[in-house]
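Chain letters run A, B, ... following the sequence lines, proteins first, then strands; residues in each count from 1. Scope of the values below: all heavy atoms of this structure, side chains included, with no hydrogens, waters or symmetry mates.
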Amino acid sequence: MAGPSVLTPQNEDFPQWYQEVVAKAEMADNGPVRGTMVIRPYGYAIWERIQSAIDERIKLAGAQNAYFPLFIPESYLSKEAEHVEGFSPELAVVTHAGGEELAEPIVVRPTSETVIGEFMAKWIQSHRDLPLLLNQWANVVRWEMRPRLFLRSSEFLWQEGHTAHASARDASAYALKIHLEVYHDFLEKVLAVPTFLGIKPPSERFAGATNTMTCEGMMRDGKALQMATSHELGQNFARAFDIYFQSEQGQSELCYTTSWGASTRLVGGLIMAHGDDRGLILPPALAPIQVVVLAVREDDEVLTACRDQYDQLTAAGVRAHVDDGRRGSFGRRVTDWEMKGVPVRIEVGPRDLAQGLVSVVRRDTGEKSTVAVADAAALASSLVRDVQGAMLNAARTLRDSRTTTVSDLDGAIEVAQEGFARVEWSKVGDAGEARLKSQAMTVRCLQRSDGSMPENERESGLVAIVARSY
RNA sequence: CGGGGAGUAGCGCAGCUUGGUUAGCGCGCUGCGUUUGGGACGCAGAGGCCGCGGGUUCGAAUCCCGCCUCCCCGACCA
């Protein structure tokens with residue numbers, strides 16, 4: 001059944017495989033300016049589905065969408081010391097506009113904590129204005145030294161949530177809620193990517209945050225990818241931007257703020273977490289096309305049968321598409337749909353049809369069934385449901401098989417060559433982090449030994465997950 | 001910024017060492033025909049400031065000088 005390889009095999013050269021999939025599945029192209037990205041219709045359709053699934057969850061969590069400007073006065077960034085220090089190397093700064101040099105340079109937002117902070121200060125007066133729960137969908141710019149399509153581009157699309165609360169406890173609870181009910185839930189249920197939940201060690205925290213939470217996924221080459229983050233910002237930004245509220249007791253008090261985001265990087269994670277040597281494999285909940293009905297050849301009888309399958313699938317609420325055979329040979333079209341990761345395909349050919357049969361094939365396992373024409377749409381629909389769970393299980397199995405608990409740093413370095421190492425955080429420390437860095441490894445996150453989220457990095461008994469990462 | 005490599009058709013490359021007619025090849029693209037159950041085949045086509053600027057020469061993709069850009073490996077990051 002397998003033809004000659006269309007892609008560089010993953011185990012031969014994973015980065016090469018990735019680039020080829022992005023190109024051949026028509027996901028994206030490099031833009032004319034280094035580090036920029038053109039997202040093609042098929043890639044954008046996937047992003048739109050990611051957006052709507054996340055947006056829906058954000059709204060359930062009570063946040064509202066708004067929009068803040070692309071341009072930020074440079075002076076805003078300077079108001080929070082760690083923040084400006086963290087971002088200055090990757091800022092794009094506008095110095096000229098309208099044919100003249102600007103009196104104050106304008107920064108193209110690398111994130112919007114600062115402008116949003118400024119406006120929160122204006123909008124929040126009373127404890128009755130809290131919590132203030134905002135989100136925006138936007139592009140941001142971070143000048144990257146080594147760009148990679150979707151994973152690290154100089155301009156990328158994302159969602160950034162920003163909230164203000166009356167107490168540290170409320171802020172912390174909300175950031176955690178987003179982390180679990182928006183990100184973790186989306187990643188498992190829609191993207192079918194299991195992630196380790198944890199907090200970042202201080203060295204890996206967001207610039208200006210008091211705590212950074214992460215969902216770390218494992219790619220098929222054993223490297224880690226941070227797939228979403230939530231930050232507790234304490235009162236750092238509130239202090240820098242004067243975000244005060246009057247309490248029930250009439251006192252003027254500083255707010256506690258949070259921020260949280262997920263970006264087009266998720267598309268890269270999706271590709272690398274599920275793809276195989278034939279291309280993408282999309283989880284059905286995400287796939288723009290869930291079932292492709294493939295005419296083996298252009299033939300009236302075949303096309304009529306395809307149409308009929310399409311109608312049944314659509315009526316059952318399945319996103320279907322008919323490939324009527326006008327574009328090239330059967331083999332070529334099969335290869336193309338596999339490359340694009342369509343979860344299920346129905347092959348309708350004259351020989352089978354003469355016996356009242358069609359073939360139904362699932363992309364994740366390649367399993368093929370030949371069934372009666374009348375049963376095909378129902379089978380395809382049930383596969384659409386089954387594949388979603390199967391993909392999550394497969395990803396979890398792979399991850400767990402490559403995650404090993406070790407007793408010391410040497411063991412961690414060995415294991416993290418090809419997977420995740422779990423090692424006691426107390427065995428790492430500053431010197432340990434430096435040693436890991438020399439091996440191109442980092443502490444991806446800290447968890448309790450049962451895998452749950454700790455309050456902070458000082459809790460005793462924490463486990464560090466060590467890996468190479470993107 | 002340090003170290004390595006490359007700019008020739010949409011993409012991937014050969015040609016350059018040793019200058020010489022009309023600059024090639026594969027894939028893709030267009031047209032026609034035959035095909036179609038796992039990347040089809042034939043025939044006919046279209047498509048090039050050979051990265052940019054200067055120099056040497058009767059003659060430069062090829063030799064010399066300068067510049068620009070891109071890629072890979074290291075230091076930062078969603």
Side-chain angles (χ1 to χ4, degrees), chain A residues 1-8 13 15-16 19-20 23-24 29-35 37 85-91 109-111 138-148 150-161 183 200 203-207 209 212-217 224-231 259-269 278-279 294-299 302 323-339 345-355 357-359 361 366 368 370 437-440 442 469-470:
Chain A
M1 155 174 162
S5 185
V6 177
L7 296 168
T8 299
D13 186 343
Q16 182 65 28
Q19 282 188 296
E20 290 175 7
K24 293 190 176 182
D29 258 329
N30 281 302
V33 172
R34 180 183 155 77
M37 166 168 69
E85 191 186 332
F87 278 109
S88 51
E90 40 185 338
L91 292 181
R109 63 179 165 220
T111 175
N139 58 340
V140 287
V141 169
R142 299 181 186 177
W143 218 252
E144 292 295 345
M145 299 181 187
R146 293 184 52 194
R148 291 244 265 146
F150 292 115
L151 296 174
R152 197 185 301 112
S153 49
S154 286
E155 178 191 1
F156 58 89
L157 306 182
W158 77 345
Q159 145 282 313
E160 51 177 319
Y183 298 141
K200 287 289 184 186
S203 59
E204 299 281 326
R205 258 184 215 145
F206 176 74
T212 289
M213 292 174 265
T214 178
C215 294
E216 293 287 328
L225 183 73
Q226 177 174 306
M227 302 192 73
T229 51
S230 306
H231 314 289
S259 70
W260 25 279
S263 72
T264 37
R265 170 177 278 188
L266 286 171
V267 180
R278 293 174 182 207
L294 207 60
V296 167
R297 68 163 71 177
E298 264 185 281
D299 168 295
V302 168
D323 177 340
D324 60 15
R326 241 168 283 197
R327 281 183 57 90
S329 69
F330 174 71
R332 176 54 189 249
R333 289 179 288 126
V334 168
T335 313
D336 286 347
W337 290 116
E338 284 181 338
M339 185 66 68
R345 69 176 183 273
I346 300 180
E347 299 176 358
V348 182
R351 290 212 294 265
D352 281 349
L353 213 50
Q355 303 172 64
L357 302 171
V358 295
S359 297
V361 190
K368 187 169 189 167
T370 301
K437 193 170 176 178
S438 75
Q439 301 291 310
T442 45
S469 67
Y470 281 97

If we take the [atom1] atom in both [N] and [M], what is their distance in whole Å?
N	M	atom1	answer
B/rA23	B/rA60	C1'	13 Å
B/rG38	B/rC50	P	45 Å
B/rG55	B/rG19	C1'	15 Å
B/rG7	B/rC52	C1'	11 Å
B/rC58	B/rU21	C1'	15 Å
B/rG74	B/rG10	P	33 Å
B/rG15	B/rC25	P	15 Å
B/rC76	B/rG28	P	44 Å

Classify the nucleic acid contact of [X] as base, sugar-phosphate or nothing, counting any heavy atom under 4.0 Å across all strands shown.
X	result
A/Gln226	sugar-phosphate
A/Thr264	nothing
A/Ser153	base
A/Gly349	base
A/Asp352	base

Notebook entry, point to check: Is the closest side-chain heavy-atom distance between A/Val140 and A/Glu160 below 4.5 Å?
Noted result: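 Yes; the side chains approach each other to less than 4.5 Å.
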Next item on the list: Would you please confirm or rule out a distance under 4.0 Å between OP1 or OP2 of B/rC11 and any side-chain N or O of A/Lys24?
Entry: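 So the side-chain polar atoms of A/Lys24 never come under 4.0 Å of the phosphate oxygens OP1 or OP2 of B/rC11.
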Notebook entry, point to check: Is any side-chain nitrogen or oxygen of A/Ser329 closer than 4.0 Å to OP1 or OP2 of B/rU36?
Noted result: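 No, outside the criterion.
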Atom [atom1] of [X] to atom [atom2] of [N]: distance rounded to whole Å?
X	N	atom1	atom2	answer
A/Glu338	B/rG38	CD	C1'	8 Å
A/Glu20	B/rG12	CD	C1'	11 Å
A/Trp143	B/rC1	CH2	P	16 Å
A/Phe156	B/rC77	CZ	C1'	9 Å
A/Arg333	B/rU35	CZ	C1'	12 Å
A/Arg327	B/rC29	CZ	P	8 Å
A/Glu347	B/rU36	CD	P	16 Å
A/Glu90	B/rA78	CD	P	7 Å

Note to self: Whether A/Lys200 and A/Glu216 form a salt bridge (side-chain N of Lys/Arg under 4.0 Å from carboxylate O of Asp/Glu) is what I want to check.
What the structure shows: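 Looking at A/Glu216 and A/Lys200, the cut-off is met.
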Considering non-hydrogen atoms only, spot the tightest contact between [X] and [Y] and give its length.
X	Y	answer
A/Glu298	A/Gly325	OE1-O, 3.9 Å
A/Val348	A/Val302	O-CG1, 3.4 Å
A/Met37	A/Ser153	CE-OG, 3.6 Å

Next item on the list: Apply the test side-chain contact (heavy atoms from CB on, under 4.5 Å) to residues A/Arg265 and A/Trp158: give CA-CA distance (whole Å), side-chain angles for both, the deciding distance (0.1 Å), then the verdict.
Entry: CA-CA 9 Å; A/Arg265 170 177 278 188; A/Trp158 77 345; over 6 Å; no
Is any side-chain N or O of [X] under 3.5 Å from a base N or O of [N], one able to act as donor and the other as acceptor?
X	N	result
A/Arg152	B/rC77	yes
A/Arg345	B/rG37	no
A/Ser263	B/rA78	yes

Consider the side chain of [X], meaning its heavy atoms from C-beta on, and name the nucleotide among [options] that approaches it most closely.
X	options	result
A/Glu144	B/rC77, B/rG38, B/rG37	B/rC77
A/Thr335	B/rG38, B/rA78, B/rG37	B/rG38
A/Lys437	B/rA78, B/rG38, B/rC76	B/rC76

Check: How long is the span from the CD atom in A/Glu204 to the OG atom in A/Ser469, to the nearest 0.5 Å?
Finding: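 Taking CD in A/Glu204 and OG in A/Ser469, the distance rounds to 7.5 Å.
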Check: Got a second to check how far A/Leu151's CG is from A/Ser263's OG, nearest 0.5 Å?
Finding: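 Atom-to-atom, A/Leu151:CG and A/Ser263:OG are 9.0 Å apart.
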Notebook entry, point to check: Hey, which of these two, A/Arg148 or A/Glu204, hits RNA chain B nearer its 5' end, going by closest nucleotide?
Noted result: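 Per heavy-atom nearest nucleotide, the more 5' residue is A/Arg148.
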Next item on the list: Report the residue (A/Pro89 or A/Leu353) whose heavy-atom-nearest nucleotide on RNA chain B is the more 5′ of the two.
Entry: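 Nearest-nucleotide comparison on RNA chain B picks A/Leu353.
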Next item on the list: Apply salt bridge (Lys or Arg N to Asp or Glu O under 4.0 Å) to A/Arg326 and A/Asp324, showing your working.
Entry: CA-CA 6 Å; A/Arg326 241 168 283 197; A/Asp324 60 15; 3.1 Å; yes
Margin query: Just to be sure I understand: a Watson-Crick pair is purine N1 to pyrimidine N3 plus N6-O4 or O6-N4, both under 3.5 Å. Using that and G-U wobbles, which stems of three or more pairs involve RNA chain B?
Written below: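 Stem segments, range with range: B:1-7 with B:68-74, B:10-13 with B:24-27, B:29-34 with B:40-45, B:51-55 with B:63-67.
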Note to self: In terms of relative ring orientation, are A/His231 and A/Phe206 parallel, tilted or perpendicular, with 30° and 60° separating the classes?
What the structure shows: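 A/His231 vs A/Phe206 ring planes: parallel.
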Notebook entry, point to check: Stacking here means centres under 5.5 Å and planes under 30°; does A/Phe330 stack on B/rG37?
Noted result: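 According to the criterion (under 5.5 Å, under 30°), no, A/Phe330 does not stack.
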